[in-house]
2 protein chains.
Amino acid sequence: MVDTGNGAEPGGRAAARYVGIAAELREAIMCGEYAVGSQLPSETTLATRFDVSRGTVRQAVALLAAEGLVGSRQGARRIVVGRERSQSFAELNSFAQWAQAMGYRVSGQVLEQRRRDADAAEAVRLALQPGDQVLSVLRLRSLEGEPVMLERTVYAGWIAPAVERIPPDCESITQALYEDVGLVFAYGEHLIDAVSAGVEDSRLLVVRRGSPLLRQRRVTTTHEGRPVEWSDDRYRAGSVTFSIRNSVDANPLVRQMGDLRLMS
Amino acid sequence: MVDTGNGAEPGGRAAARYVGIAAELREAIMCGEYAVGSQLPSETTLATRFDVSRGTVRQAVALLAAEGLVGSRQGARRIVVGRERSQSFAELNSFAQWAQAMGYRVSGQVLEQRRRDADAAEAVRLALQPGDQVLSVLRLRSLEGEPVMLERTVYAGWIAPAVERIPPDCESITQALYEDVGLVFAYGEHLIDAVSAGVEDSRLLVVRRGSPLLRQRRVTTTHEGRPVEWSDDRYRAGSVTFSIRNSVDANPLVRQMGDLRLMS
DNA sequence: TAGTGGTCTAGACCACCGA
DNA sequence: CGGTGGTCTAGACCACTAG
């Protein structure tokens, strides 16, 4: 009974039972065993099949619902609403982790890096005092050798030394910071809109001035809620698309008017 | 004991206890009673305070976690990570409902509407047979009198009659379809990217050709997973921003039996 | 009306955090 | 080490869906 029935994580840590059950169901959905639009077995049936309580089954299907794979309504059986899992946190926060997951060859290059004082807006976003030091970095990211994204990041001063130790051609900053100082990017807030390519944008991304760019601005924080970085990432049009799946019960995304005070 | 402690919904339906508890905590967070970065009371404390079981408390905080307001790590108290709720399926799926919730004056105008046969791509997205009839609609949406979004929607043939009954200047199609035939948009899949304004785009949105537009393509389905519409919406740059808050806890779940949630 | 998901309880044990 | 969240159980009742 100690065995979870799904083995242990590669890291050696045991997986929760419901995670394994979710994985099994997810696999069945992605393989088409449960077709899109069809019903899932009832919770009671699944509880019997996996020999767990109904609560554990509900945890498993909650996971699938969060991924946008299944939906539910009281009184009716759960149905399959999709076959592809929508983006994970890592995919939204780390360009390299997303690209690698998609099987792309990714590279990055630091073009500029310097310490300076935080301006008022940055101080607010990074929870610093105005005048505190920050590290400003300009990076060009490429996919399959093609430049696709320009990243302007401002790191809080306390993490600057670790960032400066990262080689300029490092692929994944997220991973480097984790391996170096154990920093985990735990929460993110993202603003997505479209902008015209400026002078620097157009030169580095090799597009015409004024051509459309997909912009993702974000603040990333640690587990403790401590802001680590504030970034403005601009993608060449056509190179990247954000995908979101939602349901009337769960939805991670909202629209906002253009003139945001905090995040301009 | 029948009273939920939080009254009933306006519609007359009783609210779940955990929803009321979440509302109370949410209010406290938004009012700054629990500051961003500070800790929430422990689950046990909250269970005592609200006189419910720990499971119910966990459902409540799961709701807040899904909204991106709080985060958690095993062994440590939950912390507040944000003050603004990012929520509502309606906000992502219905332009009018989003705008109205934000307090904006919204309007819409049908510029073109006609039935035709579905092409191959549309048939796939709407789960139709190639050659089945669809209803193609071009709508211009305005905010505060300013045109901000151009909507090119293809409705599955089975809902076409109801769509055709909608007045051309109707503000909310979502609401109209609900009131007319009880149709509920339950699930959505969205693709967000940036494109250049084409000839028609630039004329109707009053922007220069080639200027950046934020594009949201989406498929919306019913509770049963039946596709209703496929739409290509283009926003004038600067008019609208999408916002997402996410967390590394792939695990949107929480609780002992409920579901709910995220995205990322 | 039978089946199903939604809510809730009152326990239990464990892994992890911080002092 | 005590406190905390994460996981899990085995019940219960209700609201809703579907035949």
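The sequence lines fix the lettering, A, B, ..., with proteins before strands; numbering per chain opens at 1.
R78(B) places its CZ atom 15 Å from the P atom of dG18(C), with the value rounded to the nearest Å. Between Q74(A) atom CD and dG5(C) atom P there is a gap of 11 Å when expressed in whole angstrom units. Computed from coordinates, the L46(A) CG to dG3(C) C1' distance equals 14 Å when rounded to whole Å. What separates CD1 of I79(B) from P of dT4(D) is a distance of 16 Å, to the nearest Å. Rounded to whole Å, atom P of dT4(C) lies 19 Å from atom NE2 of H223(B). Between F50(A) atom CZ and dA10(D) atom P there is a gap of 17 Å when expressed in whole angstrom units. Atom CZ of R54(A) is separated from atom C1' of dC14(D) by 11 Å (rounded to the nearest Å). Here the P atom of nucleotide dC8(D) and the CG atom of D51(A) are 13 Å apart, to the nearest Å.
Here the CZ-OG1 distance, from R54(A) to T45(A), works out to 11.5 Å after rounding to the nearest 0.5 Å. Atom CD of E229(B) sits about 7.0 Å away from atom CD of E151(B), to the nearest 0.5 Å. To the nearest 0.5 angstrom, L25(A) atom CG is 5.5 Å from L64(A) atom CG.
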Base-pair map of DNA chain D as dot-bracket, where | denotes pairing with a different strand and pairs are Watson-Crick or G-U under 3.5 Å: ||||||||||||||||||.
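Residue-to-nucleotide proximity on DNA chain D shows that, of A76(A) and S53(A), the 5′-proximal contact is made by S53(A). Comparing E224(B) and T45(B) by the nucleotide of DNA chain D that holds the closest heavy atom to each, the one mapping nearer the 5' end is T45(B).
When each of H190(A), R218(A), R217(A) is paired with D233(A), the side-chain hydrogen bond (donor to acceptor under 3.5 Å, both in side chains) condition holds for R218(A) and for no other.
Listed nucleotides: dT7(C), dT9(D), dT7(D). Nearest to the side chain of A16(A): dT7(D). Closest to the side chain of S72(A), from the set dG6(C), dC8(D), dG5(D), is dG6(C). Minimum atom distance to the side chain of V52(B) is reached by dT9(C), of the listed dT7(C), dG5(C), dT9(C). If you check dT7(D), dG5(D), dC8(C) against the side chain of E43(B), the one that comes closest is dG5(D). Side-chain proximity of T56(B) to dG6(D), dT7(C), dT9(C): nearest is dT9(C).
Not one side-chain nitrogen or oxygen of R58(A) sits closer than 4.0 Å to the OP1 or OP2 atom of dT7(D). Between R17(B) and dC14(D), a side-chain N or O to OP1/OP2 separation shorter than 4.0 Å is absent. OP1 and OP2 of dC8(C) both lie 4.0 Å or more from every side-chain N or O belonging to Y18(B).
A donor N or O paired with an acceptor N or O is not found under 3.5 Å between the base of dG18(C) and the side-chain atoms of R73(B). At a cut-off of 3.5 angstrom, the base of dG18(C) holds no donor-acceptor pair with the side chain of R77(B).
Looking only at side-chain heavy atoms (C-beta outward), S172(B) and F95(B) stay at 4.5 Å or farther from each other.
A donor-acceptor pair under 3.5 Å is formed between the side chain of R77(B) and the backbone N or O of L40(B). No donor-acceptor pair closer than 3.5 Å links the side chain of R226(B) to the backbone N or O of L126(B).
D132(B) is linked by a salt bridge (Lys or Arg N to Asp or Glu O under 4.0 Å) to nothing, counting only residues two or more places apart in sequence or in another chain.
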